[in-house]
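In this text the structure is predicted, and so the values were computed from the model without any measurement.
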Amino acid sequence: MASFCARAVRQSYSLVAKPALSRASPRLLCTASQQKKDETDKPEQSAAETLLAEEKAQLEEQVKDMTEKYKRALADTENLRTRSQKMIEDAKLYGIQGLCKDLLDVADILEKATESVPKEEVTSQNPHLKNLYDGLVMTEIQIQKVFTKHGLAKLNPDGQKFDPYEHEALFHAPVEGKEPGTVAVVTKVGYKLHGRTLRPALVGVAKAP
């Protein structure tokens, strides 16, 4: 009888406990599954973040490289534009250089022609010579005006300090009354075109005795 009662109590206890275990089991299983899923997702999320970080670094490097290339290209373009503009301006200023050089010979001939005429013979008593001389002088004046209009200036450095960029020395000799290193004689005048020496003046330079 006592053993029967003990068995009955145990059975009653098991019947009472089973529903509680049955109710608790789903929660425990869900919690365990969620923990396992979280543990599985953590490495996957970490790998994805690493991949995104690497892609971001690569893109930033590409952007930096493209920016540098763009800046260099922009600087090269600006330099090319500046050089092209300078070439255009030089062409406008010095495009007549060849023509000017040819006209210098004409100016030299006119100058020599006027200098060769005896001034004492240029009188009203000799009208033909006077008219010829006046015509030569007027032509020389006019051609010098044209030269000045186009930026061509005459160089007559008599008495000035010798400048190898503007003068060409034909000889060096002691000259009384002239300081050493100065131009003592000008055999042919020079010319400058817009500040650039087109033809150096041919000179003789004084030196110390």
Side-chain angles (χ1 to χ4, degrees), residues 70-209:
Y70 170 74
K71 289 181 179 179
R72 286 197 295 268
L74 193 64
D76 292 341
T77 303
E78 181 63 22
N79 291 336
L80 179 61
R81 189 194 67 79
T82 303
R83 288 196 299 269
S84 300
Q85 186 66 27
K86 183 66 166 58
M87 290 174 64
I88 292 172
E89 292 175 358
D90 288 347
K92 289 180 180 179
L93 291 176
Y94 305 109
I96 60 172
Q97 183 170 315
L99 176 63
C100 289
K101 281 185 176 181
D102 294 336
L103 289 176
L104 293 184
D105 295 333
V106 177
D108 292 339
I109 292 171
L110 284 172
E111 186 177 4
K112 288 180 180 180
T114 54
E115 289 176 354
S116 64
V117 176
K119 302 302 183 291
E120 62 275 7
E121 298 292 333
V122 183
T123 61
S124 56
Q125 297 176 357
N126 195 350
H128 297 293
L129 181 60
K130 185 177 185 302
N131 291 336
L132 178 62
Y133 177 78
D134 290 343
L136 289 173
V137 171
M138 291 176 64
T139 303
E140 185 181 8
I141 292 172
Q142 186 61 34
I143 198 171
Q144 290 298 328
K145 286 182 179 179
V146 173
F147 286 172
T148 302
K149 178 181 177 181
H150 293 282
L152 193 62
K154 181 186 288 188
L155 290 175
N156 190 352
D158 187 20
Q160 299 177 11
K161 187 174 179 61
F162 177 75
D163 185 351
Y165 295 103
E166 296 182 356
H167 314 144
E168 182 178 341
L170 299 178
F171 62 88
H172 292 75
V175 179
E176 186 178 355
K178 296 287 186 178
E179 295 182 4
T182 59
V183 176
V185 180
V186 179
T187 60
K188 182 183 284 189
V189 296
Y191 284 88
K192 295 178 75 173
L193 180 62
H194 295 292
R196 179 187 295 179
T197 301
L198 182 63
R199 186 183 76 182
L202 303 182
V203 300
V205 183
K207 70 176 184 179

Please report the interatomic distance [atom1]([X]) to [atom2]([Y]), rounded to the nearest 0.5 Å.
X	Y	atom1	atom2	value
Gln97	Asp90	CD	CG	10.5 Å
Ile109	Thr139	CD1	OG1	13.0 Å
Asp163	Glu168	CG	CD	13.0 Å
Ser116	Leu136	OG	CG	8.0 Å
Gln144	Leu110	CD	CG	9.0 Å

For the student: nearest non-hydrogen atoms of [X] and [Y], plus distance:
X	Y	answer
Val203	Pro157	CG1-CG, 3.9 Å
Tyr191	Ala107	OH-CB, 4.0 Å
Asp158	Val183	OD1-O, 3.7 Å

* Would Leu104 and Leu152 count as a side chain to side chain contact (heavy atoms under 4.5 Å, CB included) if you check the C-alpha gap in whole Å, the side-chain angles of each, and the deciding distance to 0.1 Å? -> CA-CA 10 Å; Leu104 293 184; Leu152 193 62; 3.9 Å; yes

* Thr182 (side chain) donor-acceptor with Lys178 (main chain) under 3.5 angstrom -> no

* Under 3.5 Å, side chain of Asn79 to main-chain N/O of Ala75, donor-acceptor pair present? -> yes

Side chain proximity check, [X] to [Y], heavy atoms < 4.5 angstrom:
X	Y	result
Gln85	Glu89	yes
Arg81	Asp76	no
Leu103	Phe147	yes
Glu78	Thr82	yes

* **More than 12 heavy atoms from other groups under 6.0 Å of CD on Glu179** => no

* To do: Answer yes or no: are there more than 12 heavy-atom neighbours, outside Glu115 itself, under 6.0 Å from its atom CD?
  => yes

* Asked: side chain to side chain contact (heavy atoms under 4.5 Å, CB included) with Leu170: which of Val205, Val185, Thr187?
  -> Thr187

* Asked: Between Tyr133 and Lys119, does a side chain to side chain contact (heavy atoms under 4.5 Å, CB included) hold up when you go through it step by step?
  -> CA-CA 9 Å; Tyr133 177 78; Lys119 302 302 183 291; 3.2 Å; yes

Side-chain donor-acceptor pairs of residues 192-202 under 3.5 Å, sequence neighbours excluded:
residue	atom	partner	partner atom	Å
Lys192	NZ	Glu166	OE2	2.9
His194	NE2	His150	O	3.2
Thr197	OG1	Tyr165	O	3.0
Arg199	NE	Val189	O	3.4
Arg199	NH1	Asp108	OD2	2.7
Arg199	NH2	Asp108	OD1	3.3
Arg199	NH2	Asp108	OD2	3.4
Arg199	NH2	Val189	O	2.6

* To do: Look at the rings of His167 and Phe162 and say which category their plane angle falls in: under 30° parallel, 30 to 60° tilted, over 60° perpendicular.
  => tilted

